Amino acid sequence: MDSVILRTATRYLLPLLLLFSLFALLRGHNEPGGGFVGGLVASTAFVLYAIGCGVKSARELLMISPRRLIGVGLLVAGISGIIGLLASGVFMTAQWSTRDFPVVGKLGTPLLFDIGVYLVVVGVTLTIIFALAEGEE
Amino acid sequence: MNVLLLLPILIPFLTAVSALIFWHNRAIQRRLNVMGGIAHPLAGIALLVAVWREGIQATQIGNWPAPFGITVVADLFSAIMVVMTGLMGLIVAVYSLGSIDARRESFGYYPLLHTLLMGVTGAFLTGDMFNLYVWFEVMLIASFVLMALGGHRQQLEGALKYVTLNLMSSALFLTSVGILYNLAGTLNMADLSVRLSNGAVDSGLATVLAVMFMVAFGIKAGLFPLFFWLPASYHTPPIAITALFSGLLTKVGVYALVRIFTLIFVQDIDYTHTLMLIIAGFTMVTGVLGAVAQTEVRRLLSFHIISQIGYLLMGLGLYTELALTGTIYFMVHVIIAKSALFLVSGIVQRVAGSYDLKHLGGLYRARPGLALLFFVPAMALAGLPPLSGFWAKLALVRAGLETTEYLIVAVSLGVSMLTLFSMTKIWAEAFWKDRPDPDRPFAPLRHRRELVVPVIALAALSVILGIGAEPMLALARDAAAQLLNPAGYIEAVLRGAA
Amino acid sequence: MLDVLTGGLMLIGALFMLVAAVGLLRMPDLFLRMSATTKAATLGTGSILIAVAVYFGETGVTSRALATIVFLLLTAPVAAHMLGRAGYFQGVKLADATLIDELAGRYNLVTHRLESRDIQPASNEPAGEAEPS
Amino acid sequence: MRLFLMNTLLALAWIALTGTFTPVNFLFGFALGFSLLWFTQRLRPPTNYFSKVVQVLEFVLFFLAELVVANIRVLVVVLSPRLSISPAVVAIPLDVRSDTAITLLGNLITLTPGTLYLDVSHDRSVMYVHTMFVDDLDAFRSRIKQGFERRVMEILR
Amino acid sequence: MIGAVLAGFIAALFAPWIHRAARGWAGWLIALVPAGLTLYFGAHLERLAGGETFSAVYAWVSSLGTDLAFRLDGLGALFALIISGVGALVIIYGGGYLKGDPQLGRFYAYVLMFMGAMLGVVLADNLITLFVFWELTSISSYLLIGFYHSEADSRASALQALLVTGTGGLAMLAGLVLLGQATGTYTISEMVTQPQAAQSSSLYGAILVLVLLGAFTKSAQFPFHFWLPGAMAAPTPVSAYLHSATMVKAGIYLLARLSPVLGGTDAWQISVTAVGGVTMVLGAYVAWRQVDLKRILAYSTVSALGMLVFLLGIGTEYAVKAALTVLLAHSLYKGTLFLVAGALDHETGTRDVTRLGGLWRAMPWTGTAALLGAASMAGLPPLFGFISKEVFYKAAYDAPDLAGPLTAAAVTGSVFMVTAAALVSLKPFFGARLETPKHPHEAPPSMLLGPVVLAGLGVLFAFVPSWVAEYGIRTAVEATLNHAAEIELELWPGLNVVLLLSLLTVAAGLAVYALRVPLQPWADRVDLGARVGPERGYRVLLGGMLWTADRQTRILQNGYLRVYLMTIVLTTVALTGYTLLTRADIEGVWRLPDARFYEIVVVALIVVAAIVVTQVQSRLAAVLALATVGYGVSLLYIMFGAPDLAMTQFSIETLTVVLFVLVIYRLPRFATLTNRAARLRDALIAASAGVLMTSLVLILTADTSRRHVTTFFSENSVLLAKGRNIVNVILVDFRAFDTLGEIIVLSVAAAGVYALMRLRPERERREALPETRATVELSAMAEADPPAEPQAADSGR
Amino acid sequence: MMSLEEFALFVILPILVVAAALAFVRLLRGPSLPDRVVALDVMNTLGIGIMGTYAIATDHAEFLDVAIALALISFLGTVAFAYYIERRV
Amino acid sequence: MEVLLAVVIGTLYATGLYMMMRRSIVKLVIGLALLAYGSNLLIFTINGVTRGAPPIVPEGAVQPVEPFADPLPQALILTAIVIGFGVQAFTLVLFKRTYQSTQTDDLDAITSTEQSGKLKLPDMSRRGS
Ligand code: NA
Ligand code: NA
């Protein structure tokens, strides 16, 4: 689609959306948000970009294939659980840092898990939408 | 012990994830498939041994005490089902190596296969109602994709119905779980058992809810009159997938029924379990008549799945130790026999070019080995002694006669006759009859090792399970005893709780 | 005092949004409807968000409210533009009162490219079937 | 240098979003911003922020005033028993060419009195605007060009 | 003893291999197994006669009360000897009969398997074990009847036999289980010691009926006899072995075995005697009117089986003695005659008696055996058949009740048996020489051994009646009756009524033989069996079942998704609704809403939007209305304290809209396809479900004091799980396992979408429709070239 | 005298939901698809306002976060709709 | 309030099921979506609606202020929504592909996997408009 202002707006919106998505992800443990919404906002950014500038550009921007992103996300989530298993003998037992960090609070495996969720959601949404958009040539 | 409970879930998970990451490399995926396929049943067996030796095993995910966190728990019944899942997984994983085309392999067949196994295993091991819903969904979505994978028209048409009707079931399941939480204030199955038995919950409403669950799981299990999705779809995907589905999916529905109707909803047995017997009878009869009416092997076998679900439900409806023993043993038996039959029919199709009895024939003379591989599980399915199906049938019949439920016994015996009839129909048409088109030669069987070894293994299991029925029956009896006396389960789960 | 400010901002916002909705209902064609709503809705939402900022008086809330306003200012016109284009291609009728349509006939219906001068005599006919209402 | 500025701005935006002004949070925001900039580096056309601050502020005030006026006007029209409107779609020749300028202009037009940016021609020589009230087409054109395009050109120069 | 039973099965495993290795000698070699068994059982006779029994118990499926319990007593030994002895002869015979047949190896295997199963039946001391072997005989029989599997007739006959005996078998299974329940044991030898346990049980009637069903079907009793003539589709040695000498006698064995437990009652005597009597007369009557040698023999077998049942029904000590004597005699002469028939068929190419004549010269040995066998069958002295006929008549004549009619029935049956015997022996070998399809020669030695030995035994036994009585019959009778008995057999009992009856029988039988041609049309008129007979009943039942199956499946599995949905909805509503009305307390549920204005508006918006969705004609408008519903629901979440939920719902909603738009803009627009009545019907059904759910909600919200686990979450969210947003803490920590499953679902869904979009069947990809291809996609505008995707390599495996 | 929270609940919210209802009427009436999408867009914007108001009414700033998410994401919905309306023509 | 919500829930179930029982593929999938809303809202409603009190612990506190909404049903619904989304996305694409493959969106015409051709429903008509 040949729309100057969509394309331009998208370029400015993209960082903003990504920033917000990370914000939602990191803060989710304490306020509304979390990996799922964060991931959706992040994918929104890329989908908008795909509509404005084409799927190919969006794929290039993303750099990693969305499908691989799914695998990585699942692995991250799985590892967060396995860390608990190794550390305490029970799967998914949370392991926490001893000190606080801003926004996030304490760092721990639940956050890692949420990051996994985030990555999966981005990967899933983009896999689906890109596949649909690229349609059936 | 913890690890033993989780390994059967984590192994297929890690297999699937690794395969997903190596999406582009079929060779690695095939290797992962075999490795995961072998590791899964081994983990299951380790778990079964642990449960057998040390009693019911339970662990709390995230170390949150029950009933607040999610419990993973294995009693003998769960552990048996986990072993069966692993076994079927391995069998199908190997069979797939020789029967799934390269294109499906490139599009995530192996990750999907192992995700399905993960979902099924999760469903067998979870001790939490909502978590059960989640695993059901994992299993369902994987099955949706597997069913549609390849995109052939028949597959899509079948999948359309399969998906829609299963989603109905999911919606009802979800609704029921929500109501359950409302009624009992907890989702932990052991805790639910306690709270429903100590009068904390209105028993009338609990019965209403029990019926809703019966319908929800009934759809998944393929009960009358809710089974439509099954004959509409099971014959459409590649046979390895059909075999896996037939072996596992409806059984998860039955598992769930057995679980909740022994552990949780036992406050109005006269009503709920009688209802179940009625449904069981209709399920058996309509299923087997459906099978009788078919001329396509896969469809015929699919209808049989329904019929056999009726037997499984019969044991639950009778609700005695012997009856549940029968159900558990029947489950193990039918998973093996039915999958074997599907896999054999896949070989038949590869050799003779069709699944349709009208176009088949002459295999008895030309491929006697194949005939034997069909005949053994077919007769097992028909309940011919001393194969596995007979003992299953005998246990149920005895249980039925002991509880003076003569009608259901009569029905079950009649249905077993019709089962025999339809098995001999395949035998007579595909094997005995001359080939209708003698000019078309039989094709040589390629990938013989991958295809035949799994079938031989299943047929052998069926024979072993029949002639050497006692160990499995004893195990099933102990499992049934655990089911009928949930105190042990409750104790194992809530042990750590206040 | 702050309460009055908050309340006033909310009220203004709500009223503008109501106006936007009324405009949406009353205006005779798509473009006029959008014309009415983009502004009123943006301003209305903006006031309410400022009211939120004032009410809570926290840095975090204020900055988020402002960020949202900026975002709305950035996106509302884009959305209107997109819908307007779509309307043109769909052959949405302009209100009878419309004096002139200088855009008519300047979209290439195949490439969807917009020209700076007329490329075809006909006013814009939809290329395909229109969605029945 | 420009990147550093952007990065700092993003770090500040992060602080604003989170509402926690601590050095650690700033560093964290900076790190986040850095990765985002690195991530999005191929998108950015050159702009010059620093010298424009004053113009921008002036512009913002102008715009807010327009926004309020516009809304009141719309309010009046919408609520009047008879819709006293005289709409038109007007082609306006453009002098600005850059994406940013066109976008800014378009957004401004849409958000202000009775006007709606519709599209810009492929060769960027003509912008099409819908307006609710028009008596004199040329006057309208020049108002757009003088009121909006000029200011946009100024701040983006 | 288990070795004796298993020997057959083990030998069966190796038989095809031996056949391949030993070629023409395989039959002789393999026959060593049954021959050895014959010796083995024979070696026990002495001690059995001395009153010993031999038993062995091996634990098997103890959970179901089934042990491999075997017991060799007189009754078992009599059967076991017949089974192994005839088995050996039949295997040797089969080697000649099926010489050159590629399936000969399988034949040996099946026959050996059958023999093992049959030995299992007669030696088992456990009811369930007995049943296991019983069913194995059925399935061996199925495989053997269908031996000539290319013929549709063979297949149909095999199925018929299987269905009839199988159904009876299943009834019997139920009967045996009930019997076990009534007596508290499955061990036969224990059960026999306490006959009153079964007979005084309230289940006795059911047990009797069910067990008799099993026995009668297996032993081809009227009205289940029809499968047996059909079974003649099997190779003749099979007919001789299974369908004459052994398998069909399993029912007799069972009746004999259980007669102490179940017998002696009026119900037993009446039903068993009546069925046996009818079968005996009917079988013999039909027999002489056949033209196929094998069918004549088959019907005469039916008659003989009837005779046995008849005797066991009478149930006196003498009748039991008679039954076992007849049984032995029948096995010898009928085995002979079947093997002779096979030899005739083999040598001449036909079994049609009307085409056989004057073969004595060509086949003298065969003819001799035939004559001896037939004479025995006709009950002529000095053959063992004569002795058995005498005791048979005497048993009927001495019956405690209704001796007259019983004797008349016995004589009537026997008359036709004489005719049949004449038909199979005199007609083929004497009279004018008729042309046959093949030029006849004497049968090879392998095929002569069987008939000659069996016929010879028929002669031999007649001359050592007391030896047979002592070592064969007496121990068997004692075992049957479970008490000591005195048994005497004599070749010449002296002139008495019975002998007169015998003479009369032979004369009448031969008269019918002589007059058979003129009698035939007259006989045809009497013959109801062909028109309304049970075989017809079987066909009607089978056909009806198939019709029902087809009809039922067509109606249930009709292919219409909406009907499926409707059925499921109705089932749910009916079951839940009924339960709700009958089981739940629904007092105090209906109450007035306590709502705020804005809540009412939002609710109204959702309701209207949902209804709009169902009514709107435009698909995209429906999607928009659906989105409105979604946004409305999100607002409800906001209003009731669920920001995370609202956030998720909003985001999902938007994404769903995008997906809908991406997907459905190509689908055709809505059309109204169902008529008004159908829409109304569906609306009512749907509304009933809606009402149900509404009622449930009202009932369940009447009391909301049931939170139980929540407190834990709110108390520990911050302290232990270190997060303030409890919902999120639940999602990533307390119940993270759910979330793990959730992201797996998402991942799989994505993989599925990807595969659906990219993986197409070859044909479809080539035939992609022009309009499909022409559609502009997102990527089109970005001049997209297809992104790097895995090569969907079609290496075709 | 009404508190600010009550004012938000019983004055502002009703105005906003009524506005939403009006927008919904447009959604129903169309006539063109873009008209309906505009209506939905307005409803989204109203949703942001409602959430802001609700945040004040309940003194929970958390609802603002929902509003932000809605603003960010609903834009995508409108754009996608517009894009596909144009494409399918 | 529960009374009104009960009506909404009933409506969602009813309209969802009604849509599913139509003959159009698109209506089917829309019906599924409505059904999902219904079940989510049902769980939400029956487990106690609390006006405007999210289960979030205020900063510095250890426990949420009573009354607060029950967080567990919310978490459950959230999971269910997300799962539902995944499933729905797949379903949509599946249905689209089915349409492309069969060239019809009339579900009554999609019966080839079952031997049913001969059974005609009383309310079947040829395609209308
Ligand atoms: Na199954
Ligand atoms: Na299934």
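Note that the structure is predicted; figures quoted are calculated from it, not measured. Per chain, numbering begins at 1; letters A, B, ... match sequence-line order.
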Colleague: Which bit of B:Leu209 is near chain E, if near means a heavy-atom gap under 4.5 Å: side chain, backbone, both or neither?
Modeller: neither
Colleague: Who wins among B:Asp128, B:Val201, B:Leu149 for the most heavy-atom pairs under 4.5 Å with chain E?
Modeller: B:Asp128
Colleague: Can you see whether E:Ser63 engages B:Arg477 through a side-chain donor-acceptor pair at a distance of less than 3.5 angstrom?
Modeller: yes
Colleague: Pick whichever of B:Asn188, B:Asp191, B:Asn63, B:Leu275 has the most heavy-atom pairs under 4.5 Å with chain E.
Modeller: B:Asp191
Colleague: Do you know which of B:Glu137, B:Arg104, B:Met212, B:Lys433 has the most heavy-atom pairs with chain E at a distance under 4.5 angstrom?
Modeller: B:Lys433
Colleague: When heavy-atom pairs shorter than 4.5 Å are enumerated against chain E, which of B:Tyr271, B:Tyr133, B:Tyr406 gives the highest number?
Modeller: B:Tyr271
Colleague: Between B:Phe130 and E:Arg735, is there a cation-pi geometry (under 6.0 Å to ring centre, at most 45° from the normal)?
Modeller: no
Colleague: Does B:Glu470 reach the main-chain N or O of E:Ser62 with its side chain, forming a donor-acceptor pair under 3.5 Å?
Modeller: yes
Colleague: Please classify the contact of B:Leu112 with chain E as side chain, backbone, both or neither, using a heavy-atom distance under 4.5 Å.
Modeller: side chain
Colleague: So which of E:Leu565, E:Asp550, E:Leu546, E:Leu542 has the largest heavy-atom pair count under 4.5 angstrom toward chain B?
Modeller: E:Leu565
Colleague: Any idea how B:Trp432 and E:His149 line up, ring-wise: parallel (<30°), tilted (30 to 60°), or perpendicular (>60°)?
Modeller: parallel
Colleague: Of the backbone (N, CA, C, O) and the side chain (C-beta and beyond), which part of E:Leu64 lies under 4.5 Å from a heavy atom of chain B, both, or neither?
Modeller: both
Colleague: Is B:Lys393 in contact with chain E via its backbone, its side chain, both, or neither, using a 4.5 Å heavy-atom distance?
Modeller: side chain
Colleague: Just give me the residue among E:Leu756, E:Leu203, E:Asp733 that pairs up with chain B most often, heavy atom to heavy atom, under 4.5 Å.
Modeller: E:Asp733
Colleague: Considering only heavy atoms and a distance below 4.5 Å, find which of B:Pro385, B:Gly383, B:Gly204 pairs most often with chain E.
Modeller: B:Pro385
Colleague: I'd like to check E:Leu746 versus B:Ile141 (side-chain heavy atoms, cut-off strictly below 4.5 Å). Are they in contact?
Modeller: no
Colleague: Taking E:Leu162, E:Thr548, E:Asn716 one by one, which has the highest count of heavy-atom pairs under 4.5 Å against chain B?
Modeller: E:Leu162
Colleague: With a 4.5 angstrom heavy-atom cut-off, is it the side chain or the backbone of B:Phe303 that approaches chain E, or both, or neither?
Modeller: side chain
Colleague: Taking the six-membered ring where the residue is Trp, are the ring centres of B:Phe390 and E:Trp134 under 6.0 Å apart?
Modeller: no
Colleague: I'd like to know which of E:Gln552, E:Glu135, E:Arg551, E:Met693 tops the heavy-atom pair count under 4.5 Å against chain B.
Modeller: E:Gln552
Colleague: Parallel, tilted or perpendicular for B:Phe68 and E:Phe713, by the 30°/60° rule?
Modeller: perpendicular
Colleague: Does any backbone or side-chain atom of B:Leu165 lie under 4.5 Å from a heavy atom of chain E? Answer side chain, backbone, both or neither.
Modeller: side chain
Colleague: Excluding sequence neighbours, so at least two apart, what forms side chain to side chain donor-acceptor pair (under 3.5 Å) with E:Glu742?
Modeller: none
Colleague: Under 4.5 Å from any heavy atom of chain E, what part of B:Met168 do you find: side chain, backbone, both or neither?
Modeller: side chain
